[in-house]
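Chain naming here is simple, since letters A, B, ... match the order of the sequence lines and numbering starts at 1 in each. Computed from a predicted structure; not experimentally measured.
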Protein chains: 2
Amino acid sequence: MATTIKDVAKLAQVSPSTVSRVLHDNSRISNTTKERVMQAMHSLNYHPNAIARSLAKSNTKTLGLILPNDELELFQNSFFIQAMRGISIYAKLHGYKLMYNFSIDEQEEIEYLENYIHDNWVEGVILFTSRQDDKCINYLHKRAFPFTVIGRPSSPETGFWVDNDNFQAMYSVTEYLIEKNCSSIAFLGGLRELDVTLNRLSGYKQAIKSHGLELQENLICTTTRFSEEEAYEQISELLNNNTVDAIAATDDILAFGAIRAMQDFNQTLLPIIGFNNTVRGQYQTPALSSVEINPTELGYKACKLLIDSLEGLDNPYNHFIVETKFIERDTTQPQLFSKRLVQV
Amino acid sequence: MATTIKDVAKLAQVSPSTVSRVLHDNSRISNTTKERVMQAMHSLNYHPNAIARSLAKSNTKTLGLILPNDELELFQNSFFIQAMRGISIYAKLHGYKLMYNFSIDEQEEIEYLENYIHDNWVEGVILFTSRQDDKCINYLHKRAFPFTVIGRPSSPETGFWVDNDNFQAMYSVTEYLIEKNCSSIAFLGGLRELDVTLNRLSGYKQAIKSHGLELQENLICTTTRFSEEEAYEQISELLNNNTVDAIAATDDILAFGAIRAMQDFNQTLLPIIGFNNTVRGQYQTPALSSVEINPTELGYKACKLLIDSLEGLDNPYNHFIVETKFIERDTTQPQLFSKRLVQV
DNA sequence: TTGTACGCGTTATCAG
DNA sequence: CTGATAACGCGTACAA
């Protein structure tokens with residue numbers, strides 16, 4: 001067995017409570033005994049047992065993360081591990097531990113949350129995505145359990161969350177294309193039940209309207225899975241039935257599928273922009289213009305909101321908006337803007 | 001406060017120990033009281049407090065993972081998150097919880113390990129990489145703390161580990177190139193202090209020798225960082241000073257740099273093979289031939305070794321070898337094999 | 001079959 | 001400034 005507070009107390013010839021005091025050096029203790037206790041701790045290589053401490057203080061200094069299990073999204077995209085790293089940076093700063101789980105669906109996510117809450121093992125939860133009418137968010141709210149969401153939830157005024165300004169980011173990207181004289185811009189989005197998709201779609205629509213263009217519903221497509229293949233199919237069909245002169249995609253992965261569709265359609269590439277600034281997008285040919293969303297920062301800030309709240313250090317807001325940055329590469333080069341794919 | 005075992009006991013009119021017994025349903029209890037206690041647990045929505053249980057049983061059912069913090073490697077490569085998922089699958093099967101940390105260097109890794117051990121918060125550790133004379137492995141051995149390594153350690157006979165047969169995988173790949181009549185095959189590896197690099201290098205060397213070719217030390221290059229850029233530089237220099245007719249790389253990322261170097265050298269592409277079967281390699285042009293190493297399976301088996309050991313269910317071996325699979329794509333197509341880059 | 005009493009290692013309250 | 005003592009919630013010998 002490891003050495004306990006009692007062993008130290010015995011060696012230093014004081015009571016366990018005194019040892020506990022030097023451990024927290026809050027109460028005023030005489031320097032001599034403090035010295036003696038420190039000596040004892042050192043010579044016994046004593047380290048407090050975190051479990052026992054947790055039981056006594058009824059706090060675990062542990063946060064739980066719930067990751068989606070969608071292989072396509074998870075493995076093509078360094079978003080999650082980057083966000084996890086951002087979380088870990090702030091957590092370390094405040095001595096918090098991190099646990100993780102992969103969930104296969106919303107049902108299993110709820111189960112994980114129930115366990116998290118009942119076990120008393122974690123003090124707060126970080127969710128990596130936000131859906132329309134999200135069951136996890138609703139559940140956590142109902143249980144009044146501390147949590148943060150990465151992604152703008154449906155009710156942004158309650159609870160903690162971090163996000164990019166997805167509306168603005170997509171607005172800007174769309175505006176950029178419009179200013180290059182594109183007028184039939186297709187929207188290519190991911191799952192429609194995700195808030196991120198809807199927020200970006202809103203930005204797209206607003207940009208179209210603000211610039212006096214006609215909003216063409218048939219140019220809006222979303223996928224049911226997070227899949228390059230489905231993007232390929234959707235864009236192939238779109239190009240066959242519509243006039244299109246640019247594509248705004250909500251994710252690089254989807255953009256990759258769209259690019260292949262354009263190449264297969266008739267060798268002609270239209271301007272296209274993705275999101276997430278993936279490594280693959282940087283290095284493929286043509287290099288993909290994309291919006292960097294700063295996942296590490298998103299994770300960091302999400303963690304900050306949660307921990308600060310648990311520690312009683314409240315932030316002025318219940319959310320953080322993380323900057324995005326449009327990174328221009330080959331797929332928005334000038335020569336592409338003259339082209340236009342028309343129904344034949 | 002959450003409901004405790006006492007509340008249940010009171011409601012069911014039994015003693016706390018009886019409640020504890022139905023919780024573990026080991027001791028023989030009368031069905032009537034068992035029923036009554038279950039009713040009480042249900043109506044109070046009772047869930048045992050995991051912290052208290054851990055303290056009493058002095059086990060936490062928690063494992064700690066230590067991830068490297070190298071952005072280049074971490075974010076370009078879904079290896080880590082795939083392995084983490086594999087780990088989580090087995091952990092869930094046995095009710096184990098998982099914690100994670102990102103370390104910036106070997107020193108910080110040791111610190112994390114010390115905390116893990118002293119805190120008594122985790123029962124075992126999973127390391128994601130193995131170095132030559134690995135300080136973490138040595139430390140864990142010295143402390144006799146349970147752990148598994150993903151990667152073949154320097155002393156494979158002691159401790160738990162999982163790995164691909166890196167020697168054999170690289171041997172096969174090299175042999176494949178030799179059989180296509182390549183005789184000046186360059187080896188492009190990552191950090192030389194990593195066991196994975198050395199194991200693959202051994203396979204390369206053995207294949208060269210076994211086929212009666214001359215081992216040219218100057219065709220062996222390794223990078224000091226895990227970086228596409230450095231691979232680009234190394235291969236550029238290599239091509240300038242040597243005759244080369246194929247490249248065997250230990251990682252897709254490095255292969256990407258090498259491909260760019262070849263393209264810049266004089267538009268000529270040599271056959272090249274990478275490892276890890278990255279998504280980018282599948283979709284780039286030319287699509288990269290690569291060795292799939294099954295990271296999810298590696299994580300799963302690593303976790304299995306550790307948990308089985310902790311639970312007293314010993315495996316016949318102290319390690320698992322996970323299958324690899326060579327996946328052939330554009331960069332090993334026949335037409336490439338006639339070419340040869342010669343010093344001018 | 002069930003209850004009592006104590007321990008797990010720490011913190012917190014209350015005396016002194 | 002320091003030391004008993006009682007929690008924290010659960011598991012488990014030992015009794016009954």
Side-chain angles (χ1 to χ4, degrees), chain A residues 1-41 44-62 95 97 115 117-123, chain B residues 1-41 44-62 95 115-123:
Chain A
M1 263 302 144
T3 78
T4 76
I5 208 170
K6 286 182 187 169
D7 302 324
V8 178
K10 199 172 296 174
L11 182 61
Q13 296 179 313
V14 292
S15 76
S17 26
T18 302
V19 178
S20 178
R21 287 197 185 93
V22 324
L23 231 39
H24 300 273
D25 74 12
N26 49 357
S27 306
R28 306 131 306 187
I29 333 176
S30 77
N31 273 326
T32 61
T33 57
K34 184 172 184 177
E35 225 17 82
R36 199 146 36 89
V37 170
M38 304 254 280
Q39 285 283 344
M41 295 197 311
L44 291 176
N45 190 29
Y46 167 75
H47 290 265
N49 180 312
I51 298 287
R53 175 175 286 178
S54 286
L55 184 61
K57 305 184 55 157
S58 50
N59 75 17
T60 59
K61 293 256 180 188
T62 303
K97 294 174 279 294
N115 287 335
I117 295 178
H118 292 140
D119 277 3
N120 279 102
W121 198 273
V122 307
E123 298 182 50
Chain B
M1 263 304 145
T3 79
T4 76
I5 209 170
K6 285 183 188 169
D7 303 323
V8 178
K10 199 172 295 172
L11 181 61
Q13 297 178 314
V14 293
S15 77
S17 45
T18 303
V19 178
S20 177
R21 287 195 186 94
V22 325
L23 232 38
H24 300 274
D25 74 13
N26 49 358
S27 306
R28 304 132 308 187
I29 333 176
S30 77
N31 272 327
T32 61
T33 58
K34 183 173 185 177
E35 218 25 75
R36 199 146 34 91
V37 170
M38 304 255 279
Q39 285 283 342
M41 296 199 308
L44 292 176
N45 191 29
Y46 168 75
H47 290 265
N49 180 311
I51 299 285
R53 175 176 286 178
S54 286
L55 184 61
K57 304 185 55 160
S58 50
N59 76 17
T60 59
K61 292 256 180 187
T62 303
N115 287 335
Y116 273 157
I117 295 177
H118 291 141
D119 277 3
N120 278 106
W121 198 272
V122 306
E123 298 181 51

Colleague: Which pair of heavy atoms, one from A2(A) and one from D7(A), lies closest together, and at what distance?
Modeller: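 It is O-OD2, 4.3 Å.
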
Colleague: Of the candidate nucleotides dC8(C), dT2(D), dT1(C), which contains the atom at the shortest distance from the side chain of L55(B)?
Modeller: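 Among the listed nucleotides, the one closest to the side chain of L55(B) is dC8(C).
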
Colleague: May I have the distance from I51(A) (atom CD1) to dC8(C) (atom P), rounded to whole angstrom?
Modeller: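 Those two atoms, CD1 and P, are 16 Å apart.
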
Colleague: Mind calculating the distance between NZ (K6(B)) and P (dC6(C)) to the nearest angstrom?
Modeller: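 Spelled out: NZ on K6(B) to P on dC6(C) is 14 Å.
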
Colleague: When you match K57(B) and K57(A) each to their closest nucleotide on DNA chain D, which lands nearer the 5' end?
Modeller: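 On the 5' side of the pair lies K57(A).
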
Colleague: Rounded off to whole Å, could you give me the CE-to-P distance for the M41(B) and dG9(D) pair?
Modeller: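 That distance rounds to 18 Å.
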
Colleague: Working to the nearest 0.5 Å, report the span between CD1 of I5(B) and NZ of K10(B).
Modeller: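 Answer rounded to 0.5 Å: 13.5 Å.
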
Colleague: Whole angstroms only, please: what is the NZ-C1' distance between K61(A) and dT11(C)?
Modeller: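 So the two atoms are 15 Å apart, to the nearest Å.
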
Colleague: Specify the separation, in whole Å, of atom CG of L44(B) and atom P of dG9(D).
Modeller: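 One finds 14 Å between P of dG9(D) and CG of L44(B), rounded.
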
Colleague: side-chain contact (heavy atoms from CB on, under 4.5 Å) for V37(A) and R21(A)? Distances and angles first, verdict last.
Modeller: CA-CA 10 Å; V37(A) 170; R21(A) 287 197 185 93; over 6 Å; no

Colleague: Base, sugar-phosphate, or nothing: which does T33(B) touch, judged by heavy atoms less than 4.0 Å apart?
Modeller: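 The residue T33(B) makes sugar-phosphate contact but no base contact.
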
Colleague: Does T32(B) or Y46(A) map to a spot on DNA chain C nearer the 5' end, using the closest nucleotide for each?
Modeller: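 Result of the comparison: T32(B).
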
Colleague: Starting from P on dT2(C), measure out to CD1 on I5(B) and report it in whole angstrom.
Modeller: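 Spelled out: CD1 on I5(B) to P on dT2(C) is 15 Å.
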
Colleague: Could you work out which one of dC1(D), dT10(C), dC10(D) sits closest to the side chain of S30(A)?
Modeller: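 Selected nucleotide: dC1(D).
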
Colleague: T4(B) and Y46(B): which non-hydrogen atoms are nearest, and at how many Å?
Modeller: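 T4(B) and Y46(B) have their closest heavy atoms at C-CE1, 3.5 Å.
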
Colleague: Please identify each residue that fulfils side chain to side chain contact (heavy atoms under 4.5 Å, CB included) with I51(A), with sequence neighbours left out.
Modeller: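 Only N49(A), W121(A), I51(B), S54(B), L55(B), T60(B), W121(B) meet the side chain to side chain contact (heavy atoms under 4.5 Å, CB included) criterion with I51(A).
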
Colleague: For N49(A) and dG7(C), give me the distance from atom CG to atom C1', rounded to whole Å.
Modeller: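 It is 13 Å, rounded to the nearest whole Å.
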
Colleague: Look at the side chain of A52(B) and decide which nucleotide, out of dT10(C), dG11(D), dC10(D), has an atom nearest to it.
Modeller: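 Comparing dT10(C), dG11(D), dC10(D) against the side chain of A52(B), the answer is dC10(D).
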
Colleague: Polar atom pairs between nucleotides 3-5 of chain D and protein, under 3.5 Å, N or O only, would you list them?
Modeller:
| unit_1 | atom_1 | unit_2 | atom_2 | d |
| --- | --- | --- | --- | --- |
| dG3(D) | OP2 | S15(A) | N | 3.2 |
| dG3(D) | OP2 | S15(A) | OG | 3.4 |
| dG3(D) | OP2 | T18(A) | OG1 | 2.4 |
| dG3(D) | N7 | R21(A) | NH1 | 3.3 |
| dG3(D) | O6 | R21(A) | NH2 | 2.4 |
| dA4(D) | N6 | S17(A) | OG | 3.2 |

Colleague: Between the side chains of S17(A) and S20(A), does any donor sit under 3.5 Å from an acceptor?
Modeller: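 The criterion, which ignores hydrogens and geometry beyond distance, is not satisfied for S20(A) and S17(A).
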
Colleague: Quick one: are K6(A) and V19(A) in side-chain contact, heavy atoms under 4.5 Å?
Modeller: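 Result no, sub-4.5 Å side-chain heavy-atom pair not found.
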
Colleague: In whole Å, what is the span from the CG atom of N59(B) to the C1' atom of dG11(D)?
Modeller: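 Going from N59(B) (CG) to dG11(D) (C1'), I get 11 Å.
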
Colleague: Quick check on dG9(C): is either OP1 or OP2 less than 4.0 Å from any side-chain nitrogen or oxygen of R53(A)?
Modeller: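 Result: no.
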
